Amino acid sequence: EGYTLTPEDQAAVVRIAKDEVGEKCAIIAAVFALSVRDAVEQATRLRDAGADAVLVAPVAPFVYTGKILERFYGAIGDAVDLPLIAYLNKMFKKELPSDEILKAVYAIPSVIAIKDSTGDMEFQRRLIAARLEGKLMIQTVTGIALEGVKEGADGLMVGTSNIVPDSVLEVWVHGRGGDLKIAEAAQERMRRASKLYAVGGGPNTTTKDWVAVKQALVHMGVIESNSCFAAPPYDILSDADSEILREGVLALSNKEKVTP
């Protein structure tokens, strides 16, 4: 949703989050920019609003690759006094960075982690192998979360944590601890939750997955219904799609206890 927010919206989200959590945990704000200059301006604004780190997404119309990728994150890191998380998403699948470039991005002093949402496990293994001491590799695709944990990912930052945070935590804790029966059950619940993101979506619709997430949170009682809005050009879900989400959320709430 970051691309539809105004600079004031972005800063407000960070201020509200900071007011809610205080110093209990770090606030990681996302930067969606079309150039280094724009990224630096956004990151500076978000830092001043209370962000403790920024996740920097790749440029939208095209993807920086090779040495340009290294230069993109390096220039931002030089200009902003904040830890950076480099975000490699599905757009990179057409031209995955080489191991040398991955090591170069990890080596940027301000880069503390690389977040991978390509969904390519072989690439994720390369990211883990290229990881430098003190740096992190964060897995972010729901369907392969457990596989990523077993391969050695340093953390999970998946969208389904909005709806089933307890299951994400179980995949992390029990996947690392070897209680695979619990971890696999939690992984399956995450997959079911991810299907809710697609409700009302598709190429011929005017909604988006984050709109479905907001509506799911309304049904869960996390946010008020008047907080469920969509910034243009997107629309909120129809009543019929909202009912599908309500039933899906109810089904997820009936969680059976799994023992090792």
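Only a predicted model underlies this, so the values are computations on that prediction, with no experimental measurement involved. What you see below is based on every heavy atom in this structure, not just the backbone, and it leaves out hydrogens, waters and symmetry mates.
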Exam field: side chain N162 to backbone G159, donor-acceptor pair closer than 3.5 Å | yes
Nearest heavy atoms of G175 and A183, plus distance in Å = N-CB, 3.7 Å
So do the side chains of R131 and L136 get within less than 4.5 Å of each other, counting heavy atoms only?
-> no
Can you check whether W210 and Y234 have ring centres sitting under 6.0 Å from each other?
-> yes
Do L156 and L169 come close enough that some side-chain heavy atom pair is under 4.5 Å?
-> no
Worked check of side-chain hydrogen bond (donor to acceptor under 3.5 Å, both in side chains) between T160 and S194 | CA-CA 6 Å; T160 44; S194 70; over 6 Å; no
Might you work through the salt bridge (charged side-chain N to carboxylate O under 4.0 Å, His left out) test for K103 and E100, ending with a clear yes or no?
-> CA-CA 5 Å; K103 290 178 181 178; E100 290 73 23; over 6 Å; no
Stepwise side-chain contact (heavy atoms from CB on, under 4.5 Å) check, V105 with F72 = CA-CA 9 Å; V105 173; F72 176 64; over 6 Å; no
Do side-chain atoms of D241 reach the backbone of V199 as a donor and acceptor pair under 3.5 angstrom?
-> no
Roughly how far apart are I163 CD1 and L217 CG, rounded to 0.5 Å?
-> 6.5 Å
Quick one: does Y73's side chain have a donor or acceptor within less than 3.5 Å of a partner on Y87's backbone?
-> yes
V141 with L127, same ILVMFWY side-chain cluster at under 4.5 Å | no
Are F123 and L69 joined in one hydrophobic group, where the rule is that I, L, V, M, F, W and Y side chains link up if heavy atoms are under 4.5 Å apart?
-> yes
Under 4.5 Å between any side-chain heavy atoms of V54 and R47, yes or no?
-> no
Min side-chain heavy-atom separation M157-I28 under 4.5 Å = yes
Between A53 and L82 the two heavy atoms that sit nearest each other are N-CD2, 4.2 Å
Please report the C-alpha distance between T44 and D48 in whole Å, then the side-chain angles of each, then the deciding distance to 0.1 Å, and finally whether the side-chain contact (heavy atoms from CB on, under 4.5 Å) criterion is met.
-> CA-CA 6 Å; T44 301; D48 294 344; 4.0 Å; yes
For the residue pair L102 and P97, what are the closest heavy atoms and their distance?
-> CD2-CB, 3.9 Å
Determine the minimum heavy-atom distance between I108 and E70, stating which atoms define it.
-> CD1-O, 3.6 Å
Go through the steps to decide whether Y197 and T142 satisfy the test side-chain contact (heavy atoms from CB on, under 4.5 Å), and finish with yes or no.
-> CA-CA 11 Å; Y197 281 50; T142 288; over 6 Å; no
Could you please spell out the steps behind the side-chain contact (heavy atoms from CB on, under 4.5 Å) verdict for V171 and M190?
-> CA-CA 9 Å; V171 166; M190 288 170 61; 3.5 Å; yes
Under a 4.5 Å side-chain heavy-atom rule over Ile, Leu, Val, Met, Phe, Trp and Tyr, are M121 and L96 clustered together?
-> no
Taking everything shown except R191 itself, do over 12 heavy atoms lie less than 6.0 Å from its CZ?
-> yes
Heavy-atom pair of closest approach, residues A230 and V211 = CB-CG2, 3.9 Å
N/O donor-acceptor pair under 3.5 Å between S242 side chain and S238 backbone = no
Could you walk me through whether E122 and R125 pass the salt bridge (charged side-chain N to carboxylate O under 4.0 Å, His left out) test, one step at a time?
-> CA-CA 5 Å; E122 183 55 40; R125 294 184 186 99; 3.5 Å; yes
Which distance, rounded to the nearest 0.5 Å, do you find between the CD1 of I16 and the CD1 of I27?
-> 11.0 Å
Answer yes or no on whether K135 is positioned over the face of Y106, meaning its NZ or CZ is under 6.0 Å from the six-membered ring centre and within 45° of the axis.
-> no
To the nearest 0.5 Å, what is the distance between CD (Q139) and CD (E147)?
-> 8.5 Å
Can you find a pair of side-chain heavy atoms, one from D116 and one from M137, that are under 4.5 Å apart?
-> yes
Path from V14 to V40 over hydrophobic side-chain contacts below 4.5 Å = yes
Hydrophobic cluster identity match, L196 and V218, side-chain contacts under 4.5 Å | yes
Side-chain donor or acceptor of R189 paired with backbone N/O of L252 under 3.5 Å | yes
When rounded to the nearest 0.5 Å, the distance separating OG of S117 from CD1 of I144 is 9.5 Å
4.5 Å side-chain heavy-atom contact, I112 and L84 = no
Could you tell me whether a side-chain N or O of Q42 sits under 3.5 Å from a main-chain N or O of F32, the two making a donor and an acceptor?
-> yes
More than 12 heavy atoms from other groups under 6.0 Å of CG on D19 = yes
Any donor-acceptor pair under 3.5 Å linking the side chain of Q187 with the backbone of L146?
-> yes
Within-4.5 Å side-chain heavy-atom neighbours: E243 and H219 = no
Kindly give the heavy-atom pair with the smallest separation between S167 and A186, and that separation in Å.
-> O-CB, 3.4 Å
So, do I114 and I138 sit near enough that their side-chain heavy atoms are less than 4.5 Å apart?
-> no
Working to the nearest 0.5 Å, report the span between CD of Q124 and CG of L88.
-> 11.0 Å
CD on Q215 to CZ on R246, rounded to 0.5 Å = 11.5 Å
